[in-house]
There are 2 protein chains.
Amino acid sequence: MIVDIFATENLLFMIPVASIVALLFAAYFFKDVWSKDKGTPEMQKVSDAIETGAMAYLKRQIKTIGIVIMILAIIIALCTFAGEPFSLYLNYKVAIAFVIGASFSILSGFIGMKVSVNSNIRTSAAAKRSLGEAFKTSFRGGALSGIAVSTLSLFGLFMVVLIYNALIGDGDGLTPSMTPTLHAVVGYAFGASFAALFAQLGGGIYTKAADVGSDLVGKVEAGIPEDDPRNPAVVADLVGDNVGDCAGRGADIFESTAAEIIGAMVIGTAVVTYGGMDNNWVFLPLVLMAFGLIASLVGIAVVRMKEDDDVVKSLNKGYYVTIALNIVFLAITTYMLLGEKYWVNFFIAGIVGIGLGLAIVYLTQYYTGDHKPVKGIAQASETGAATNVIEGISVGLESTVLPVVCIVIAIVATYLLGYTAAPEVLGVKIEPMVFGFYGTAVGTIAMLASSAFILAEDTFGPITDNAGGIAEMSGQPEEVRDRTDKLDAAGNTTKALTKGYAMASAALAAFLLFAAFFEIVAEVKGVSLSDVFNVNLGDPLVFVGGLVGAALVFFFASLAIRAVSKAAGEMVEEVRRQFREDSGILAGTTEPDYAKCVDIATRGALKTMVIPALLPILVPVVFGLIFRYVVGPVVPGFEAYSAVGALIMVGTIVGILMANFLNNGGGAWDNAKKYIEEGNHGGKKSPAHAAAVVGDTVGDPFKDTAGPSIHVLVKLLSTICLVTAILYL
Amino acid sequence: MIVDIFATENLLFMIPVASIVALLFAAYFFKDVWSKDKGTPEMQKVSDAIETGAMAYLKRQIKTIGIVIMILAIIIALCTFAGEPFSLYLNYKVAIAFVIGASFSILSGFIGMKVSVNSNIRTSAAAKRSLGEAFKTSFRGGALSGIAVSTLSLFGLFMVVLIYNALIGDGDGLTPSMTPTLHAVVGYAFGASFAALFAQLGGGIYTKAADVGSDLVGKVEAGIPEDDPRNPAVVADLVGDNVGDCAGRGADIFESTAAEIIGAMVIGTAVVTYGGMDNNWVFLPLVLMAFGLIASLVGIAVVRMKEDDDVVKSLNKGYYVTIALNIVFLAITTYMLLGEKYWVNFFIAGIVGIGLGLAIVYLTQYYTGDHKPVKGIAQASETGAATNVIEGISVGLESTVLPVVCIVIAIVATYLLGYTAAPEVLGVKIEPMVFGFYGTAVGTIAMLASSAFILAEDTFGPITDNAGGIAEMSGQPEEVRDRTDKLDAAGNTTKALTKGYAMASAALAAFLLFAAFFEIVAEVKGVSLSDVFNVNLGDPLVFVGGLVGAALVFFFASLAIRAVSKAAGEMVEEVRRQFREDSGILAGTTEPDYAKCVDIATRGALKTMVIPALLPILVPVVFGLIFRYVVGPVVPGFEAYSAVGALIMVGTIVGILMANFLNNGGGAWDNAKKYIEEGNHGGKKSPAHAAAVVGDTVGDPFKDTAGPSIHVLVKLLSTICLVTAILYL
């Protein structure tokens with residue numbers, strides 16, 4: 001058995017060590033947050049309503065996802081009887097890994113939601129006392145989520161690898177190999193991505209349907225403030241923050257790390273097989289993530305905020321500490337696992353990955369913070385909603401450009417660093433391409449190593465958002481809301497950062513998953529990876545794969561945005577109906593029917609999430625089979641997997657741009673509205689503000705439904721093809 | 001000299017014949033339209049103001065483009081002294097062809113504008129008498145433009161080919177070859193695309209800045225009707241229709257046919273070189289277009305409308321006649337030029353191309369006509385501007401999917417038809433890939449053969465739009481405006497169709513230009529096309545080319561949309577200023593300062609068009625040179641032209657989707673507004689209408705600036721790389 005955690009030279013022992021330390025941290029934060037008081041009975045009443053709504057939604061969502069997952073698992077398991085080579089790649093072992101991956105992904109979402117609903121109320125209560133205490137409570141809540149999900153991701157994957165390796169063994173080659181184990185484990189990545197897409201999409205539709213619906217009638221038509229208890233959709237809106245931002249993002253980060261680590265390990269096996277390296281190259285991604293978890297813990301621990309401190313600056317301090325530690329750990333890990341001869345290039349590749357993360361964070365701040373683009377949108381609001389929307393779309397489209405430039409530089413640099421590090425025999429490099437891919441793998445993992453910290457930062461935002469809602473609804477004094485608003489504004493920035501970060505890591509990781517796909521092709525054909533890794537767009541039959549991949553992203557974005565529009569429309573009708581039929585609601589004498597709105601959001605999300613979530617599975621499989629069995633036979637030498645490869649790759653390119661466009665455009669609109677609310681261009685209630693509210697509403701499904709879902713879609717496209725590669729051969 | 005117009009078997013004589021017939025037709029229409037009366041002195045005053053504004057703008061635009069073209073031409077000409085192989089591909093002959101192509105492209109725009117300003121006033125005068133007469137005048141004006149531009153395109157290209165062939169000769173190979181001639185002639189395609197991008201972009205910015213600016217203050221704020229003479233921006237708006245829709249589209253159609261015929265001819269030379277066919281295969285595209293011109297003339301001639309007829313149906317009749325004739329001509333041409341053994345497959349490929357055109361027309365009608373998508377947007381307007389915009393974006397994104405499916409089917413079908421037609425030696429097909437490309441070439445040209453009819457249909461719309469404006473401004477009775485409105489509504493549909501048509505032909509033609517690019521690479525390297533035509537996205541250094549191509553399209557769209565937003569903002573300020581400073585304007589007692597608004601639109605368009613227009617030139621060249629000289633040398637065997645190929649190809653894929661999204665989204669918003677104005681959802685002045693006006697305004701720069709410009713951008717990307725291919729070798 002290769003995966004030997006008692007061998008010190010592979011550093012694998014770091015994984016349980018880091019996991020245990022992380023769980024101790026988590027336990028401490030859990031005790032700390034849970035020990036905080038839950039405020040007044042009014043606050044608790046609101047909080048209970050939120051928790052009930054969120055639990056009810058998650059339960060129904062899990063049921064829906066569960067059915068789909070079971071059907072898919074059975075299909076995959078049935079392939080066990082299809083005979084070789086088919087059953088080598090699709091079998092009950094893959095099916096079980098798929099179910100485990102999906103379950104853990106759902107569990108991550110559940111943890112995110114559970115922590116969040118319990119921290120919201122306590123943050124709200126703490127905000128009655130001081131800003132510092134509110135910050136501490138919400139950030140520790142976020143940190144608890146971040147640590148729990150990251151540990152689940154790392155330790156869960158490690159256990160799966162360990163157990164599968166024990167059951168399957170080290171292959172029948174001359175040297176022990178991780179390849180057979182990883183064949184089964186790709187199912188885990190697929191399951192994680194698949195469940196995450198549902199969670200992110202369903203949660204995203206829920207939260208924005210409720211948000212848009214409640215704002216359109218409450219804020220715009222009735223003129224009551226945000227989170228006003230008279231608004232029938234307000235509870236649904238608060239539930240949405242928990243199931244969308246917290247549960248959805250938890251599942252998303254879980255699948256990101258799972259898929260990307262597995263992709264990196266597959267590249268590691270290629271380096272072992274073709275480059276003759278030892279299996280430490282396969283374990284490096286896991287070990288790096290373990291160290292990264294520890295770095296994140298330290299980063300989280302150093303975050304401190306005094307009453308007058310800038311929130312984002314306080315968080316950044318922790319982020320920089322995390323990064324600095326990760327650089328040290330990166331040097332140690334690459335040196336110890338890759339050896340003196342190879343470590344320098346891969347260490348630098350890791351630095352490039354970390355640098356990419358920083359660059360993206362900076363660019364996202366530029367495009368969605370109070371800088372020229374956001375001010376331009378605010379300025380355009382002076383001439384009405386139409387120019388606000390036009391300017392916002394223009395900013396969103398533009399904001400894709402510089403991140404792409406950074407991503408291009410990072411891909412080229414990490415690839416060339418790996419490429420030039422390849423060993424030479426008689427002056428000829430041995431499989432330099434595979435080493436090149438390994439360079440991008442190290443870059444990706446180094447970037448991802450801070451993910452626990454990033455998720456902590458991300459979850460802190462929706463917690464404070466909800467805390468503000470609870471304060472507003474339970475009629476707390478103005479100063480309480482002011483404190484949570486200050487934290488919420490910082491949360492908006494960190495949320496945008498996370499999305500940029502996740503997208504950049506997906507872009508850099510894309511090659512890991514592409515290469516993993518072709519590695520399976522190479523294996524089945526018994527040739528080298530570089531012999532089959534050919535996606536020639538110059539072949540019209542491959543080019544059309546690219547067209548289909550691009551159209552898939554556009555279609556998915558359309559469906560995700562449409563789903564929000566539809567569910568929000570129903571919500572608007574319901575809120576209007578309640579206002580119309582009971583004049584006591586707006587007068588504040590009768591309590592509106594919150595449950596009805598919660599129900600509309602729940603049904604709306606569940607009904608509309610299934611088709612777009614199945615799209616990234618059905619399209620590549622159907623396309624691949626048509627090209628394998630109908631088109632392929634006409635043209636000798638044509639390989640359907642190549643056309644499927646083009647579908648994934650161009651889909652990924654378009655997905656990266658589309659997600660950036662949607663995320664940044666939405667973020668910029670949001671902050672342009674906030675900028676006007678600060679008193680610019682006439683401030684609140686001015687015509688410019690009304691125009692900015694339209695833009696902000698348009699941006700809602702962009703940045704919280706379609707954008708983050710496309711991030712998962714891109715990963716799912718790769719993992720589904722990875723699992724089904726054998727079908728196109 | 002191969003290009004022998006006196007040899008009957010190559011059918012080349014059809015080109016002068018068709019051109020002469022077309023010019024006779026044009027002369028007749030010219031006499032007919034110009035003989036019509038120009039209405040009342042008030043109408044003439046308005047018309048004169050429009051003509052002056054349009055001429056002033058075009059003159060300044062030509063000056064700006066002229067400078068850029070001259071600089072580029074000098075750079076290309078200077079390469080003559082760079083030594084071989086450089087000077088074989090970039091030299092003074094290419095520079096001259098470039099200048100000729102650009103000049104003809106500008107001339108096409110000029111013809112479109114000139115015909116349009118002269119037909120507007122006469123259509124307006126005719127509308128005082130009857131709908132039928134107004135239709136006849138406007139359609140004959142459109143037809144005059146269509147015929148003139150198509151003839152210029154066909155005959156101009158033919159003359160350039162003829163003269164260059166005479167000067168350059170038939171190559172020094174064993175068999176006479178068109179290759180040396182076509183090397184120089186690609187400059188013509190590049191010049192045509194380059195000038196067209198300026199014309200389409202500048203005109204598009206002009207027209208939408210004026211339109212958005214005049215609507216926002218006039219219709220929305222002051223509540224005066226469209227084209228009301230009290231609106232200071234109204235003349236600028238009417239000028240915009242002429243310089244954007246007429247001049248811009250004229251240049252666009254000119255470059256489309258030029259670039260696509262040349263691409264098809266280059267593929268023809270490849271068939272000759274590798275497949276051993278005769279030069280008739282090279283001439284087929286020209287001959288097909290000549291027959292297509294005649295078919296369009298007949299189609300135009302049969303268009304008749306009685307007073308109560310449906311306008312679109314009357315136009316469709318002519319379209320179907322054109323298509324039917326084109327099918328007959330296609331059979332004759334393929335049979336005579338390709339011979340008994342080969343014609344059937346290519347005839348069917350042509351039918352597929354024509355079928356794609358029909359399918360796109362149908363789908364565009366579905367997404368932008370009064371069907372489910374448009375009604376959905378109208379419905380969403382009930383809940384405000386935000387849901388209207390969200391729904392419109394969703395419709396636009398979705399509308400890309402089915403056209404892509406049709407394009408994929410057409411590419412695969414035409415390619416396989418050509419592929420399977422390749423001659424065999426001992427059971428092995430000879431260069432089937434090249435024959436496959438030739439299949440897509442025939443499909444493209446068959447589709448494009450109706451272009452004169454399509455342009456006639458397209459130009460008729462803006463003519464009636466302007467006629468309505470003239471009627472409104474000169475205070476004609478309501479019924480005059482009602483008649484032009486009826487024609488204008490049909491014009492909106494035909495305009496959307498043209499854009500879909502142009503985009504589909506660009507998609508199908510994409511491969512002609514890609515293959516032409518690689519054909520040059522093959523020649524320089526002295527190998528076969530299939531040896532070099534490899535754009536392997538699996539190579540990270542090639543993949544990043546794809547990322548850059550995709551980002552280029554997003555960036556261009558951003559700049560084009562931003563330009564409108566900026567110029568429209570200035571227009572809004574100016575109109576508001578005039579209303580504020582002179583209360584006599586809104587009272588109707590003083591005449592507003594129209595010239596000031598015309599000047600703002602002119603300066604706005606000229607200032608903002610240069611950078612986005614240079615982008616598709618600078619990005620591939622800079623990228624290619626960096627990858628040739630900096631990145632390439634690190635990796636043995638890496639070819640920079642391959643990365644440039646990925647840039648063009650993925651740029652084309654993303655461009656196709658983005659253009660469809662922008663064109664159809666904009667069209668759907670426009671018609672949703674019209675649908676509400678017909679009395680649905682509360683009709684005019686209802687809250688739903690106000691919401692729909694916002695969506696319509698957002699759609700303006702989508703459908704009339706960014707969308708059509710991206711269509712030209714895609715072509716320009718290919719032609720610039722075609723001309724500069726030698727740089728990346």
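What you see is a predicted model; the values in this text were computed from it and never measured. A note on names: the letters A, B, ... follow the listed sequences, proteins ahead of strands, and every chain is numbered from 1.
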Which atoms of [X] come close to chain A, meaning under 4.5 Å heavy atom to heavy atom: side chain ones, backbone ones, both, or neither?
{"X": "B:I407", "value": "side chain"}
{"X": "B:P432", "value": "neither"}
{"X": "B:F543", "value": "both"}
{"X": "B:F517", "value": "neither"}
{"X": "B:V634", "value": "both"}
{"X": "B:L216", "value": "side chain"}
{"X": "B:T383", "value": "both"}
{"X": "B:Q379", "value": "neither"}
{"X": "B:F556", "value": "neither"}
{"X": "B:A550", "value": "both"}
{"X": "B:D700", "value": "neither"}

Which atoms of [X] come close to chain B, meaning under 4.5 Å heavy atom to heavy atom: side chain ones, backbone ones, both, or neither?
{"X": "A:V408", "result": "both"}
{"X": "A:A385", "result": "both"}
{"X": "A:F437", "result": "side chain"}
{"X": "A:D539", "result": "both"}
{"X": "A:L416", "result": "side chain"}
{"X": "A:P636", "result": "both"}
{"X": "A:E573", "result": "side chain"}

Do [X] and [Y] touch side chain to side chain, with heavy atoms closer than 4.5 Å?
{"X": "A:I393", "Y": "B:I393", "result": "yes"}
{"X": "A:V635", "Y": "B:T420", "result": "no"}
{"X": "A:I390", "Y": "B:P701", "result": "yes"}
{"X": "B:R562", "Y": "A:V395", "result": "yes"}
{"X": "A:F555", "Y": "B:T400", "result": "no"}

Whether the side chain of A:N536 engages the backbone of B:F533 through a donor-acceptor N/O pair (distance < 3.5 Å, no angle test) should be reported.
yes
Check: A:S558 side chain, B:L397 main-chain N or O, donor-acceptor pair, under 3.5 Å:
no
Non-hydrogen atoms of [X] and [Y] that approach each other most closely:
{"X": "B:G538", "Y": "A:M649", "value": "CA-CE, 3.8 Å"}
{"X": "A:V401", "Y": "B:A551", "value": "CG2-O, 4.1 Å"}
{"X": "A:S394", "Y": "B:I561", "value": "CB-CG2, 4.2 Å"}
{"X": "B:P540", "Y": "A:F511", "value": "CA-CZ, 3.5 Å"}
{"X": "B:V412", "Y": "A:F627", "value": "CG2-CZ, 4.0 Å"}

Check each of A:V698, A:V694, A:T387, A:V389 against B:V698 using the side-chain contact (heavy atoms from CB on, under 4.5 Å) test, and report the only one that passes.
A:V389
Say you draw a straight line from [atom1] of [X] to [atom2] of [Y]; how long is it, rounded to the nearest 0.5 Å?
{"X": "B:L537", "Y": "A:I648", "atom1": "CG", "atom2": "CD1", "result": "11.0 Å"}
{"X": "B:L547", "Y": "A:L657", "atom1": "CG", "atom2": "CG", "result": "7.0 Å"}
{"X": "A:F554", "Y": "B:M658", "atom1": "CZ", "atom2": "CE", "result": "5.5 Å"}

Between B:N534, B:L541, B:I656, B:T652, which shows the greatest number of heavy-atom pairs under 4.5 Å with chain A?
B:N534
Counting heavy-atom pairs under 4.5 Å with chain B, the top scorer among A:V542, A:V544, A:V405, A:V650 is A:V544
